[in-house]
Visitor: 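Can you read through this structure? Questions will come right after.
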There are 2 protein chains.
Amino acid sequence: MKNYFSSDFKLGILGGGQLGRMLLTETQKFDIHTSILDGNQNAPCAEICNTFVVGDLLDFDAVYNFGKTVDLLTIEIEKVNLDALDKLEEEGVAIYPKPKDLRIIQSKARQKNFYTDHQIPTAEFSHYAYLQELIHSYENDIIDFPFVWKAARFGYDGNGVKIVRNIEDLENLPKVECITEKLIPFKNELAVIVARNAAGEVTTYPVVEMEFHPEANQVEYVICPARIDFKVAEKAREVALEVVSKLDFVGLLAVEMFQTVDDQILVNEVAPRPHNSGHYSIEASYTSQFEQHLRSILNLPLGNTASKVAGIMVNLVGAEGFSGDVVYENLNDILKIDGVTPHIYGKKETRPFRKMGHVTIVNADVDKAREIAQKVKETIRVISK
Amino acid sequence: MKNYFSSDFKLGILGGGQLGRMLLTETQKFDIHTSILDGNQNAPCAEICNTFVVGDLLDFDAVYNFGKTVDLLTIEIEKVNLDALDKLEEEGVAIYPKPKDLRIIQSKARQKNFYTDHQIPTAEFSHYAYLQELIHSYENDIIDFPFVWKAARFGYDGNGVKIVRNIEDLENLPKVECITEKLIPFKNELAVIVARNAAGEVTTYPVVEMEFHPEANQVEYVICPARIDFKVAEKAREVALEVVSKLDFVGLLAVEMFQTVDDQILVNEVAPRPHNSGHYSIEASYTSQFEQHLRSILNLPLGNTASKVAGIMVNLVGAEGFSGDVVYENLNDILKIDGVTPHIYGKKETRPFRKMGHVTIVNADVDKAREIAQKVKETIRVISK
């Protein structure tokens with residue numbers, strides 16, 4: 001068994017954003033040496049990893065050269081140059097998650113084909129290499145409004161997803177490869193985080209629920225455990241495990257799903273890394289998703305995914321109308337509330353809707369946590385000076 | 001209210017050891033800029049703080065010049081140049097804990113006088129400016145064996161404390177200022193961590209118990225909650241609060257106490273910072289002692305000190321007979337056990353009895369946690385290559 005702890009072993013991480021930053025808490029706890037590559041010299045990880053390298057994650061040479069300096073390579077963002085990863089893997093660099101899985105996941109079209117090919121339940125879809133093909137389909141009555149449009153590549157945090165209701169929406173879509181899906185009426189949006197190590201050990205975290213704002217179509221709270229029927233939760237865990245099994249995945253996989261009005265589970269999309277839907281685990285779980293990511297990619301025994309207490313997460317995004325040096329208005333007020341933990345990602349500049357941090361609310365009682373979460377959301381505001 | 005988060009505010013920390021390192025987890029979470037001064041360029045904090053300065057913590061100029069570069073100064077070790085802190089304080093630098101309290105705490109003799117002057121229960125003691133005075137007392141039948149000898153200054157982690165049982169022990173003592181105490185027969189060694197901010201808000205953590213090895217006189221486990229009578233725990237918390245109140249302390253104070261055979265509480269000594277007896281709080285408490293230290297020195301609202309689950313801590317010290325590049329033998333085996341979290345401090349070289357890390361065991365049931373802790377202690381070993 002490799003000695004990772006206070007040793008010469010070097011873990012490379014592609015990406016130095018907030019996910020990398022929260023991963024660094026765990027590498028620091030275990031004293032695992034980390035090198036990070038990111039295109040932004042002021043990335044959240046820049047000052048707090050062992051070695052920080054500035055370079056474009058989509059550039060072959062930057063990724064390849066960085067990969068040659070580390071013993072094992074992982075990612076905190078999937079938007080990376082995969083040809084470089086393929087070559088590194090050929091040359092013997094250990095890479096988890098595996099480049100072949102990243103290739104499937106990077107493209108929404110490939111993801112959907114993968115689900116269909118492997119009998120994993122997902123919403124029906126069509127794939128268009130160009131916008132013009134989609135418009136052509138509409139003109140020939142093959143597709144009708146409303147439908148969901150998704151950019152095939154590099155959609156992120158709701159970017160690259162639109163609900164298309166009319167001809168104007170259709171004509172304003174970006175001219176890129178895309179998929180469309182039927183608009184599924186769903187009861188709940190759920191997520192399950194699965195971890196698997198190279199030895200084949202697998203764990204699932206409890207099912208979480210994304211609660212949406214009743215008017216704005218925006219996730220407001222991630223709630224663990226989801227307030228759903230036990231049988232639906234079991235089904236969601238099974239589907240998530242099925243995805244991991246069919247991918248032969250190694251690492252942490254966040255599986256986002258819809259619970260339909262008739263309690264079917266449909267896979268929406270997956271992320272091959274720690275995920276917003278698992279941030280609650282830092283405070284609420286026996287093992288945080290970031291520690292579990294480390295354990296899985298290093299082929300260490302996986303940790304207990306159960307919760308000590310209920311956990312709810314609220315994202316801190318930049319308020320509309322504010323750009324510039326960030327100020328967290330009323331942060332001190334939320335610190336007065338028991339079980340409330342803000343995480344500030346270290347981005348100095350706010351912009352409308354930019355993810356600047358999150359707040360976790362833990363409580364023995366999930367309903368009490370939900371009440372407090374609302375109070376937190378109504379109190380704190382991310383503005384500029 | 002000051003804006004500490006993602007701002008220009010600079011927190012200075014004197015000392016870059018493991019306590020500083022665990023504090024950095026919290027400053028990173030809140031994105032508070034940290035500058036650290038330490039004499040060792042390879043200190044555990046060196047690579048993971050925002051600014052690391054190499055300099056002797058006992059040197060006036062090193063501390064003074066460092067202090068001038070930060071907005072607020074705190075410590076992770078009390079062995080620092082206090083004259084420099086006095087001057088910095090005069091010149092308007094905010095320093096918590098206050099230099100006057102550090103001056104009392106740095107000297108065991110001053111500490112004991114302080115307890116006596118303020119009617120805080122403590123073991124009877126005598127103070128000797130030189131070893132020769134102590135020998136003289138013995139020769140004149142003023143003191144008799146056995147007694148406890150403590151170096152007056154800079155004893156740390158059990159260094160500088162000896163039980164003197166005979167004339168040979170006496171003559172082998174270091175020739176330094178010291179105090180002696182009656183050897184108190186005690187049932188339990190307890191500790192309470194108290195936090196107080198400048199606004200006067202005070203919180204106490206639950207009473208923890210140090211369980212000793214039945215033969216070796218060495219703490220094996222720190223157990224939270226202590227398995228003692230509720231009334232004794234209440235008394236311990238009251239005594240700890242009394243110390244904080246009498247010192248007019250701001251920051252985190254760990255108060256170590258004896259529970260005597262007749263259930264009296266006697267203060268043994270205090271530490272003005274996060275403490276080994278509070279490490280369990282990282283995994284077990286709603287607010288870790290490191291976050292609470294930050295909250296207290298920054299005059300933020302204090303966090304909830306209650307526990308989510310029971311917590312037990314086992315220190316990882318270098319095994320006898322091993323010196324050199326560290327290896328954590330069987331670390332993977334303890335990772336298999338639910339609720340077990342190792343913390344590796346980032347010291348590359350082990351030496352017999354050097355504090356290299358700790359392991360926290362959390363469980364809903366304290367007795368189950370105690371069983372697992374024993375298994376952990378019997379499994380892992382800190383050796384060299």
Side-chain angles (χ1 to χ4, degrees), chain A residues 1 3-8 21-22 24-25 28-33 44 47-51 282-284 286-287 291 295 299-304 306-309 325-328 331-350 356-357 362-364 385, chain B residues 1 3-8 21-22 24-25 28-33 44 47-51 282-284 286-287 291 295 299-304 306-309 325-328 331-350 356-357 362-364 385:
Chain A
M1 187 71 81
N3 176 24
Y4 303 115
F5 312 96
S6 292
S7 77
D8 295 335
R21 188 172 168 104
M22 289 184 270
L24 288 178
T25 299
Q28 291 169 8
K29 189 169 80 183
F30 289 165
D31 195 37
I32 295 171
H33 186 287
E47 291 189 349
I48 62 172
C49 57
N50 298 100
T51 309
I282 298 174
E283 283 81 17
Y286 282 93
T287 311
E291 180 176 334
R295 288 181 181 235
N299 201 20
L300 294 168
L302 300 181
N304 183 2
S307 294
K308 299 168 192 165
V309 284
D325 291 350
V326 66
V327 174
Y328 295 89
L331 182 49
N332 290 1
D333 291 328
I334 71 164
L335 287 173
K336 285 177 194 155
I337 312 170
D338 280 354
V340 170
T341 306
H343 291 254
I344 307 297
Y345 296 157
K347 302 172 184 175
K348 306 304 175 202
E349 305 263 314
T350 184
M356 301 296 289
V362 293
N363 200 287
K385 273 187 201 164
Chain B
M1 187 72 79
N3 176 24
Y4 302 115
F5 312 97
S6 293
S7 77
D8 295 336
R21 189 171 168 105
M22 289 184 271
L24 287 179
T25 299
Q28 291 169 9
K29 189 169 82 183
F30 288 164
D31 195 37
I32 295 171
H33 186 287
E47 291 189 348
I48 60 172
C49 57
N50 298 98
T51 309
I282 298 173
E283 283 82 16
Y286 282 92
T287 312
E291 180 176 335
R295 287 179 181 237
N299 201 20
L300 294 168
L302 299 181
N304 181 2
S307 295
K308 299 168 193 166
V309 282
D325 290 351
V326 67
V327 175
Y328 295 89
L331 182 49
N332 288 3
D333 292 327
I334 71 165
L335 287 173
K336 286 177 191 153
I337 312 170
D338 277 356
V340 169
T341 306
H343 291 254
I344 307 296
Y345 295 157
K347 303 172 184 175
K348 307 303 176 202
E349 306 263 314
T350 184
M356 301 295 289
V362 293
N363 199 287
K385 275 187 197 161

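Convention: sequence-line order gives letters A, B, ...; per-chain numbering from 1.
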Visitor: Are the charged groups of Asp31(B) and Lys348(A) less than 4.0 angstrom apart, N to O?
Guide: yes
Visitor: For each of Asp333(A), Val309(A), Leu302(A), tally heavy-atom pairs with chain B at distances under 4.5 Å, and name the one with the top tally.
Guide: Val309(A)
Visitor: Can you tell which of Lys385(B), Arg295(B), Met22(B) has the highest number of heavy-atom pairs within less than 4.5 Å of chain A?
Guide: Arg295(B)
Visitor: Out of Arg21(A), His33(A), Gln28(A), which one racks up the most heavy-atom pairs below 4.5 Å with chain B?
Guide: Gln28(A)
Visitor: Please look at Thr51(B) and chain A and tell me whether the side chain, the backbone, both or neither of the residue comes under 4.5 angstrom of a heavy atom of that chain.
Guide: neither
Visitor: May I ask you to name which of Leu331(A), Val326(A), Val327(A) has the most heavy-atom pairs under 4.5 Å with chain B?
Guide: Leu331(A)
Visitor: Return the CD to OG1 distance between Glu291(B) and Thr341(A), rounded to the nearest 0.5 Å.
Guide: 5.5 Å
Visitor: Quick one: of Asp338(B), Asp325(B), Ile32(B), who has the most non-hydrogen atom pairs under 4.5 Å with chain A?
Guide: Asp338(B)
Visitor: What heavy-atom pair brings Gly339(B) and Asn304(A) nearest, and what distance separates the two atoms?
Guide: N-CB, 4.4 Å
Visitor: CZ/Phe5(B) to NZ/Lys29(B) distance, rounded to the nearest 0.5 angstrom?
Guide: 11.0 Å
Visitor: How long is the span from the OH atom in Tyr328(B) to the OG atom in Ser7(A), to the nearest 0.5 Å?
Guide: 10.5 Å
Visitor: Counting N and O atoms only, with roles assigned by atom type, does the side chain of Lys308(B) sit under 3.5 Å from a partner on the main chain of Glu283(A), one being a donor and the other an acceptor?
Guide: yes
Visitor: At a heavy-atom distance under 4.5 Å, which candidate from Asn50(B), Leu335(B), Ile282(B) has the highest pair count against chain A?
Guide: Leu335(B)
